[in-house]
Amino acid sequence: MKRIQYIAIVFVLMIAASCKKTFLDTAPPDQVSEASFYQTTTQFRQALASTYVTLRAVFNEDFYMTEMRSDNTDYDYYPVNVGTAYLARYQLHDWNDDANNSYLDDEYRYFYVGIARCNTILDHLQDPNQVDAADKSEIQGEAELLRALYYFRAVRYFGGVPLSLHEVTTSAEAYLPRASADDVYKQIIADATDAIAKLPVVTFTKGAQTGAATKGAATMLLADVYMTQKNYAAAETLLKTLSGMGYSLLPTYASVFSTANKNSVESIFEVQYTAGAAGGQQSNFIYLFLPRTTSTALITSNVVTNNTSTGGWNVPTQDLINAYEPGDTRLDASIGVAEGTYDASDNMTISAYKSIINYTPAAGKVGRPFDKKVLNPVTITNNTDDDWPIYRYADALLLLAEAQNEQGETGSALANLNTVRQRAFGNASHNITATDQVTLRADIAHERRVELAFENHRWFDLVRAGTAIQVMAAFATQIKLIHTYLTASSYDVEPYRLIYPIPFSQTSLNPQIKENPGYTF
């Protein structure tokens with residue numbers, strides 16, 4: 001009997017050994033799996049596409065945490081609906097931070113979805129595959145640039161975060177402690193530096209710039225990082241190389257935001273959206289930024305759209321409108337006015353679309369300003385073709401002016417600042433002439449505010465300059481006089497709030513992640 005059992009065991013083991021690569025294989029040969037997928041250039045580029053898709057998820061909500069955190073924009077209060085989603089957005093704008101805020105949770109999660117996808121690509125590029133050296137280098141550069149971008153936003157929002165650099169294959173790899181902000185920045189710099197070496201310079205023939213990461217995008221990102229760290233000399237060196245890559249300003253400011261000029265010579269990096277009946281790749285920012293109404297048709301190319309459940313956000317403040325100088329063409333190109341009347345439910349019936357220049361409401365009407373940069377012709381309701389700019393050349397010129405001014409290079413700083421202003425005013429009559437470093441610093445900050453309004457830079461600029469507390473405390477005094485619905489806890493402008501709380505979902509899931517100092521929940 002024992003002999004029979006022994007023979008049976010040996011037989012089973014022999015079968016198992018002989019079948020190790022056949023019916024016991026967990027990767028079916030007739031189906032695509034991770035084991036068989038990462039082999040060709042086409043497959044790697046398909047995987048890369050998913051990392052770009054995540055950018056849409058991030059920037060669909062990014063303005064709530066940047067522009068609306070600053071003095072640039074406000075929201076239409078909607079007492080009819082103070083549900084969870086509305087309350088979460090109010091909290092971000094009003095400095096009533098909550099670790100349970102769904103938008104904080106979304107952004108944190110999207111960052112790591114993007115990072116995880118980049119990590120998987122970078123790890124599998126090291127495996128045996130059929131990708132030639134040139135393609136492998138470029139794919140690696142794109143993945144590194146995107147990972148650096150996700151980490152750069154994460155560290156500025158939350159401070160030090162877990163530094164995951166490889167595909168997660170075990171539970172231990174999924175539960176990492178927070179790295180220091182310095183260590184996160186070191187990784188960002190390493191990734192961006194390598195991306196610069198590996199990525200191509202874009203050519204500006206029609207259709208050549210597709211939204212894929214380029215040497216220019218990596219250069220701009222790394223310069224932005226160095227500016228954040230106040231390494232002005234390193235930032236200046238990088239920013240000076242962009243003109244040699246072919247970037248330049250478009251002739252008029254308004255043309256920058258036309259969908260006919262997507263990925264233009266002024267575009268360094270932008271999130272790609274595509275309108276279409278199939279859906280899934282379109283943007284809809286204009287409907288978020290217009291007042292709530294049953295019909296946007298007077299403004300949106302006669303296409304009727306009911307945005308009563310989505311509109312009312314990122315409303316230009318009077319403080320921002322007042323910041324534009326007389327004759328600055330950027331005001332009319334950036335801000336429009338929806339005119340009409342409000343009903344008992346705080347929804348507007350739009351009766352006219354007006355210019356912001358010298359605007360006075362018609363008798364019995366109310367004028368509500370909105371971000372006009374994302375207004376382009378539409379043909380499908382709630383479905384637009386507008387990309388979202390992350391970096392453009394005007395931003396680079398103003399960062400360069402800032403870096404030069406901080407190093408005492410006043411003449412060079414003025415030249416770059418005035419290049420941007422001359423397009424805005426149509427000539428050199430409004431050139432800045434200040435040579436005092438402190439005065440010029442304020443002039444550059446003002447220029448960045450009006451040039452880049454609604455593009456999610458204002459908050460980061462205030463923090464980088466060290467003026468966020470001063471500026472936002474003054475703004476809080478103004479806005480509390482305007483909005484009686486603000487609570488006593490609104491605009492608790494304290495230094496620890498320059499970064500957001502770590503979402504509760506993360507601190508509760510991973511005990512190694514501790515909440516940011518100052519926040520108690």
Side-chain angles (χ1 to χ4, degrees), residues 58-75 88-98 101 103-104 106-108 110-111 149-159 161 181 185 220-221 224-225 227-230 271 285 288-289 313-321 323 334 371 373-374 388-392 394-395 398-399 402 441-442 444-476 478-479 490-502 516 518-519:
V58 167
F59 283 88
N60 284 346
E61 299 183 353
D62 200 61
F63 64 89
Y64 292 117
M65 298 177 64
T66 50
E67 210 70 0
M68 284 185 58
R69 186 70 163 188
S70 77
D71 53 348
N72 271 6
T73 66
D74 199 355
Y75 58 84
R89 299 170 201 172
Y90 294 166
Q91 287 172 342
L92 295 174
H93 178 273
D94 298 345
W95 291 54
N96 278 323
D97 301 303
D98 187 338
N101 188 289
Y103 287 86
L104 289 180
D106 282 349
E107 287 291 271
Y108 191 102
Y110 293 145
F111 292 149
L149 178 63
Y150 289 127
Y151 269 125
F152 188 34
R153 293 196 96 74
V155 74
R156 287 188 292 176
Y157 281 153
F158 301 110
V161 291
Y185 273 111
M220 183 65 183
L221 172 64
D224 198 5
V225 171
M227 290 297 292
T228 302
Q229 295 185 318
K230 303 188 185 308
V271 185
F285 296 113
L288 301 177
F289 301 162
W313 307 104
N314 221 29
V315 182
T317 62
Q318 191 60 47
D319 190 76
L320 172 61
I321 294 169
S334 300
D371 171 9
K373 289 182 176 180
V374 289
W388 191 274
I390 300 177
Y391 291 122
R392 56 188 179 86
D395 178 9
L398 293 175
L399 270 189
E402 183 178 332
R441 181 182 296 137
I444 294 168
H446 166 269
E447 199 67 22
R448 286 186 61 80
R449 185 183 190 188
V450 294
E451 173 70 30
L452 303 171
F454 316 122
E455 296 176 46
N456 301 358
H457 291 279
R458 175 64 171 171
W459 172 246
F460 295 135
D461 284 353
L462 290 173
V463 173
R464 183 180 71 251
T467 58
I469 298 301
Q470 174 189 346
V471 168
M472 293 309 300
F475 180 71
Q478 295 177 29
I479 203 165
S490 297
Y491 286 94
D492 180 19
V493 182
E494 295 291 339
Y496 72 87
R497 293 185 185 272
L498 295 180
I499 55 175
Y500 286 106
I502 300 291
N516 279 322
Y519 289 107

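Bear in mind that the values here come from a model prediction, so they are computed numbers and not experimental data.
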Within the 4.5 Å heavy-atom criterion, are Arg89 and Tyr103 side-chain neighbours or not?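 Touching, per the 4.5 Å side-chain cut-off.
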
Identify, with sequence neighbours excluded, every residue that meets ring pair (Phe, Tyr, Trp, His ring centres under 6.0 Å) alongside [X].
| X | answer |
| --- | --- |
| Phe454 | none |
| Tyr496 | Tyr519 |
| Tyr110 | none |

Parallel, tilted or perpendicular: which fits the ring planes of [X] and [Y], with parallel below 30° and perpendicular above 60°?
| X | Y | result |
| --- | --- | --- |
| Trp313 | Tyr64 | perpendicular |
| Phe460 | Tyr157 | tilted |
| Phe63 | Phe289 | perpendicular |

Cationic N near anionic O, under 4.0 Å, [X] to [Y]:
| X | Y | result |
| --- | --- | --- |
| Asp461 | Arg464 | yes |
| Arg69 | Asp97 | yes |
| Arg448 | Glu455 | no |

About how many Å separate CD of Glu67 and CG of Leu92, when rounded to the nearest 0.5 Å?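 These two atoms lie 13.5 Å from each other.
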
With side chain to side chain contact (heavy atoms under 4.5 Å, CB included) as the test, pick out the partner of Ile390 among Leu149, Asp395, Asp62.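 With Ile390 as partner, Leu149, Asp395, Asp62 yield a single side chain to side chain contact (heavy atoms under 4.5 Å, CB included), made by Leu149.
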
